[in-house]
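Below: one structure, written as structure tokens.
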Amino acid sequence: MSSKRGAKVGLDVMQAFLQATQAASKGMDVHLKHLVEIRASQINHCAYCIDMHIKDAKLAGETDERIYFLNAWEEATEHYSEKEQAALALTEAITVLTDGFVPDAVYERASRHFDDRELGQLISAITVINAWNRINVSIRNPPTYKPGEHG
């Protein structure tokens with residue numbers, strides 16, 4: 001399917017999303033940011049975002065093993081810190097919202113590893129990538145990202 005559908009997405013909204021993305025990730029550990037973005041994109045089946053965030057993660061020095069095992073991080077815990085595992089659990093809970101809310105245990109786990117500012121930033125980053133996923137899946141944006149294209 002052609003990405004010509006992208007013209008239907010408002011430029012003002014795209015600019016606001018870019019600003020939200022920058023604000024949400026400001027000062028965030030780059031490796032954690034990429035892990036969260038890749039994992040949410042995997043869950044949402046967003047090929048464009050998976051392509052983009054894997055390429056940018058590798059550019060930032062992320063290892064192949066951590067990228068390969070991300071889809072099964074709960075079974076490959078030796079590849080991720082406790083803090084990263086808490087962030088990934090929160091990412092999955094926010095992305096799926098199966099029960100209509102984030103389980104208390106998942107939120108409490110994350111709050112043990114992130115202070116209030118960091119936790120708010122993490123939740124914002126997860127929310128923003130989910131919005132991007134939904135836009136790119138809706139317009140069928142193909143996985144043609146050039147590494148480093150979006151910073």
Side-chain angles (χ1 to χ4, degrees), residues 1-76 79-81 83-103 106-107 109-110 114 117-151:
M1 174 92 22
S2 169
S3 65
K4 291 180 184 175
R5 295 173 122 190
K8 295 180 183 176
V9 177
L11 182 58
D12 290 344
V13 173
M14 296 299 276
Q15 293 292 4
F17 272 49
L18 287 170
Q19 290 176 343
T21 300
Q22 292 170 345
S25 61
K26 186 177 180 181
M28 189 174 189
D29 176 79
V30 68
H31 294 287
L32 179 64
K33 174 185 173 295
H34 289 306
L35 292 175
V36 164
E37 290 170 335
I38 294 166
R39 186 64 193 120
S41 300
Q42 288 172 333
I43 294 167
N44 289 321
H45 305 279
C46 183
Y48 180 82
C49 291
I50 292 169
D51 182 51
M52 173 181 9
H53 297 299
I54 286 176
K55 287 175 179 173
D56 283 349
K58 290 182 67 117
L59 192 64
E62 188 57 78
T63 67
D64 288 339
E65 289 79 16
R66 284 168 43 97
I67 293 170
Y68 297 151
F69 289 122
L70 190 54
N71 202 35
W73 66 269
E74 289 176 299
E75 294 178 13
H79 293 281
Y80 309 98
S81 70
K83 186 174 187 173
E84 290 169 334
Q85 291 174 49
L88 291 168
L90 186 61
T91 299
E92 291 184 0
I94 291 172
T95 300
V96 178
L97 287 176
T98 304
D99 296 323
F101 56 88
V102 173
V106 172
Y107 187 87
R109 179 181 182 187
F114 297 90
R117 184 195 60 79
E118 293 171 322
L119 188 55
Q121 185 178 28
L122 177 60
I123 291 168
S124 297
I126 295 166
T127 301
V128 170
I129 188 56
N130 273 281
W132 279 119
N133 290 162
R134 282 152 177 77
I135 288 171
N136 284 304
V137 168
S138 297
I139 64 173
R140 292 178 176 82
N141 202 2
T144 57
Y145 181 73
K146 307 282 187 287
E149 186 177 349
H150 293 301

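Looking at I135 and Y48, their side chains never come closer than 4.5 Å, going by heavy atoms from C-beta outward. Using a 4.5 Å heavy-atom cutoff, the side chains of I38 and E62 are not in contact. Looking only at side-chain heavy atoms (C-beta outward), W73 and L35 stay at 4.5 Å or farther from each other. The closest side-chain heavy-atom distance from D64 to K58 is below 4.5 Å.
The heavy-atom pair separating N133 from S41 by the smallest distance is ND2-OG, 2.9 Å. Nearest heavy-atom pair, E74 versus E92, reported as atom, atom and distance to 0.1 Å: OE1-OE1, 4.3 Å. Shortest non-hydrogen contact noted between I67 and A57 is CD1-CB, 4.3 Å. R39 approaches L88 most closely through the heavy-atom pair CB-CD2, 3.9 Å. Pairing each heavy atom of F114 with each of L119, the nearest pair is CB-N, 3.8 Å. Nearest heavy-atom pair across A24 and Q121 is O-CG, 2.8 Å.
With values rounded to the nearest 0.5 angstrom, L70 atom CG is found 10.0 Å from I50 atom CD1. To the nearest 0.5 Å, atoms CD (E37) and CG (L32) are separated by 9.5 Å. Rounded to the nearest 0.5 Å, atoms CG (L122) and CG (L90) are 5.0 Å apart. Remark: I129 CD1 to T91 OG1 distance equals 10.0 Å, nearest 0.5 Å. Of the inter-residue distances, the one linking Q42 atom CD with N44 atom CG reads 10.5 Å to the nearest 0.5 angstrom.
Annotation: ring pair (Phe, Tyr, Trp, His ring centres under 6.0 Å) contacts of H31 (sequence neighbours excluded): none. Residues satisfying the ring pair (Phe, Tyr, Trp, His ring centres under 6.0 Å) test with F69, not counting sequence neighbours, are H79.
Using modelled atom types, no side-chain atom of D51 and backbone atom of A47 make a donor-acceptor pair closer than 3.5 Å.
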Open item on the list: side-chain contact (heavy atoms from CB on, under 4.5 Å), that's the test. Do W132 and M14 meet it? Break it down for me.
Closed with: CA-CA 9 Å; W132 279 119; M14 296 299 276; 3.4 Å; yes
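Taking the six-membered ring where the residue is Trp, H34 and H53 present tilted rings, their angle falling between 30° and 60°.
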